[in-house]
There are 2 protein chains.
Amino acid sequence: MDEFVRCEEEVSNLETVKRVKDNLLNDEEIFDLAELFKVFGDSTRMKIINALMMEELCVCDIAEITNSTPSAISHQLRVLKQAKLVKYRKEGKSVFYSLDDDHVREIFEKGREHIEEV
Amino acid sequence: MDEFVRCEEEVSNLETVKRVKDNLLNDEEIFDLAELFKVFGDSTRMKIINALMMEELCVCDIAEITNSTPSAISHQLRVLKQAKLVKYRKEGKSVFYSLDDDHVREIFEKGREHIEEV
DNA sequence: TAAACATATGAACAATTATTCATATATTCA
DNA sequence: TGAATATATGAATAATTGTTCATATGTTTA
């Protein structure tokens, strides 16, 4: 991966590139971060998160709230679960989901602040 | 969209659904939020953001730092620009990009906190 | 002005992914 | 035990999207 067309390489450029490169998160951390935000990057999941910010909910209610099918919601809850954004507890036939920690809420809010400024 | 298989509807369920539904962000806000996070949800863009957190950089340097091509980076910078995550200034042949505001940094950091806890 | 360089952009292709449909699992209750 | 309900899951399809390649635009300098 080094046969690309490059800029003229002046000393300042090489130094800048090296300095920044050395301070980047490593590839795995970058990947994990991108994967995390990818989970937030879908309207259905965003709605689920928004709903769970208010209270614990079962799959069926989430489906109704989001105008979606229980099946679609179940698929999406699996994604949210894998990303540790939601947790669940079983009660009889139902499974109740809730937000896993406050980061979810905080990330949501930061995003909202950005949106509102634009 | 209302012919789905629904849960047994007890009074408590209907009330819960209504209460939550009434307090959801509207569809447009949800969509915009999802679109914003979608921008964070890509390793290349994540790396660009991470690099720009350190200093202003030209396209060519970003390409080198991220082991990518100037063309690919240019496409991604357009996405970041449209989301108001980066701004730019021209200087001669070069175009220097930098983070647009502190929300970017904050969202990045909140994401990192979440990752580290897992 | 022409050549060289930096960046941008459109089209095409490959890869990813959200939803749907069919079906499976698990729990309750008659 | 069997029927009904709630949730989960696998496969298929449709849509979205990141990169590449070719080329265009704009700037500097010889």
Side-chain angles (χ1 to χ4, degrees), chain A residues 1 3-10 12-13 16-17 30-31 34-35 37-49 56-83 86-97, chain B residues 1 3-10 12-13 16-17 30-31 34-48 56-83 86-97:
Chain A
M1 254 224 203
E3 347 60 32
F4 296 150
V5 181
R6 297 287 184 202
C7 330
E8 287 289 89
E9 293 182 355
E10 301 162 21
S12 73
N13 260 21
T16 299
V17 168
I30 290 287
F31 179 83
E35 288 302 301
F37 287 117
K38 206 172 282 182
V39 176
F40 283 88
D42 174 81
S43 290
T44 302
R45 287 192 295 265
M46 210 64 240
K47 253 193 197 172
I48 295 176
I49 290 171
E56 175 189 71
L57 292 165
C58 68
V59 177
C60 232
D61 284 354
I62 298 175
E64 199 150 327
I65 290 164
T66 59
N67 287 316
S68 190
T69 63
S71 174
I73 293 305
S74 186
H75 278 296
Q76 296 300 5
L77 284 169
R78 187 163 53 87
V79 176
L80 290 163
K81 215 188 315 174
Q82 282 168 348
V86 304
K87 60 191 180 202
Y88 65 96
R89 78 183 169 82
K90 300 187 179 182
E91 185 180 311
K93 283 176 290 183
S94 298
V95 180
F96 287 89
Y97 283 82
Chain B
M1 256 227 203
E3 346 63 29
F4 297 151
V5 181
R6 298 288 185 201
C7 331
E8 286 288 88
E9 293 183 356
E10 302 163 20
S12 73
N13 260 21
T16 298
V17 167
I30 290 287
F31 178 83
E35 288 301 301
L36 171 65
F37 287 117
K38 207 172 283 182
V39 176
F40 283 88
D42 174 82
S43 290
T44 302
R45 287 192 294 265
M46 213 61 240
K47 254 192 197 172
I48 296 175
E56 176 189 70
L57 292 165
C58 69
V59 177
C60 232
D61 284 355
I62 298 175
E64 199 150 327
I65 289 163
T66 59
N67 288 316
S68 190
T69 62
S71 174
I73 294 305
S74 185
H75 278 296
Q76 297 299 7
L77 284 168
R78 187 161 54 86
V79 176
L80 289 163
K81 214 188 314 174
Q82 281 169 347
V86 304
K87 60 190 181 201
Y88 64 95
R89 78 182 168 83
K90 299 186 180 182
E91 185 180 312
K93 282 176 290 184
S94 298
V95 180
F96 287 88
Y97 283 83

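Quick note on labels: first sequence line is chain A, next is B, and so on, each numbered from 1.
Distance CZ (Arg89(B)) to P (dT27(D)): 15 Å, rounded to an integer number of Å. Rounded to whole angstrom, the span from the CZ atom of Phe37(A) across to the P atom of dT17(D) amounts to 18 Å. Between the CD1 atom of Ile73(A) and the P atom of dT20(C) there is a distance of 10 Å, given to the nearest Å. The distance between atom NZ of Lys90(B) and atom C1' of dT28(D), rounded to the nearest whole Å, is 15 Å. As rounded to whole Å, 15 Å separates atom C1' of dT7(C) from atom CG of Leu57(B). Rounded to an integer number of Å, the gap from CD1 of Ile62(A) to C1' of dA8(D) is 14 Å. One atom, CG of Asp61(A), and another, C1' of dA6(D), lie 11 Å apart when rounded to the nearest Å. Summarising the geometry, the separation between NZ on Lys93(B) and P on dA6(C) is reported as 5 Å, rounded to the nearest angstrom.
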Derivation and outcome, side chain to side chain contact (heavy atoms under 4.5 Å, CB included), residues Ile48(A) and Leu57(A): CA-CA 10 Å; Ile48(A) 295 176; Leu57(A) 292 165; over 6 Å; no
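Under the side-chain contact (heavy atoms from CB on, under 4.5 Å) criterion, Lys93(B) pairs with no residue, sequence neighbours left out. For Gln82(B), the side-chain contact (heavy atoms from CB on, under 4.5 Å) partners two or more places apart in sequence, or in a different chain, are Arg78(B). Under the side-chain contact (heavy atoms from CB on, under 4.5 Å) criterion, Lys81(A) pairs with Val86(A), Tyr88(A), Tyr97(A), sequence neighbours left out.
Separation of atoms CD1 (Ile62(A)) and OG1 (Thr44(A)) is listed at 12.0 Å; rounding is to 0.5 Å.
Toward the 5′ end of DNA chain C lies the nearest nucleotide of Phe96(B), the other residue of the pair Glu91(A) and Phe96(B) mapping further downstream.
Listed pair Tyr97(A) / dA8(D) meets the phosphate criterion, a side-chain N or O lying under 4.0 Å from OP1 or OP2.
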Show each protein N/O and nucleotides 10-19 of chain C N/O combination with a separation under 3.5 Å, one pair to a line.
| unit_1 | atom_1 | unit_2 | atom_2 | d |
| --- | --- | --- | --- | --- |
| dG10(C) | O6 | His75(B) | NE2 | 2.8 |
| dA18(C) | OP1 | Arg45(A) | NH1 | 3.3 |
| dA18(C) | OP1 | Arg45(A) | NH2 | 2.9 |
| dA18(C) | OP2 | Arg45(A) | NH1 | 3.3 |
| dT19(C) | OP1 | Thr44(A) | OG1 | 2.6 |
| dT19(C) | OP2 | Gln76(A) | NE2 | 2.5 |

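Backbone-only engagement by Ser94(A) is indicated by non-hydrogen atom pairs under 4.0 Å involving sugar-phosphate atoms exclusively.
Minimum heavy-atom separation, Ser94(B) to Cys58(B): CB-CB, 4.3 Å.
For residues 37-47 of chain A, the salt bridge (charged side-chain N to carboxylate O under 4.0 Å, His left out) pairs, not counting sequence neighbours, are Glu35(A)-Lys38(A), Lys47(A)-Asp27(B).
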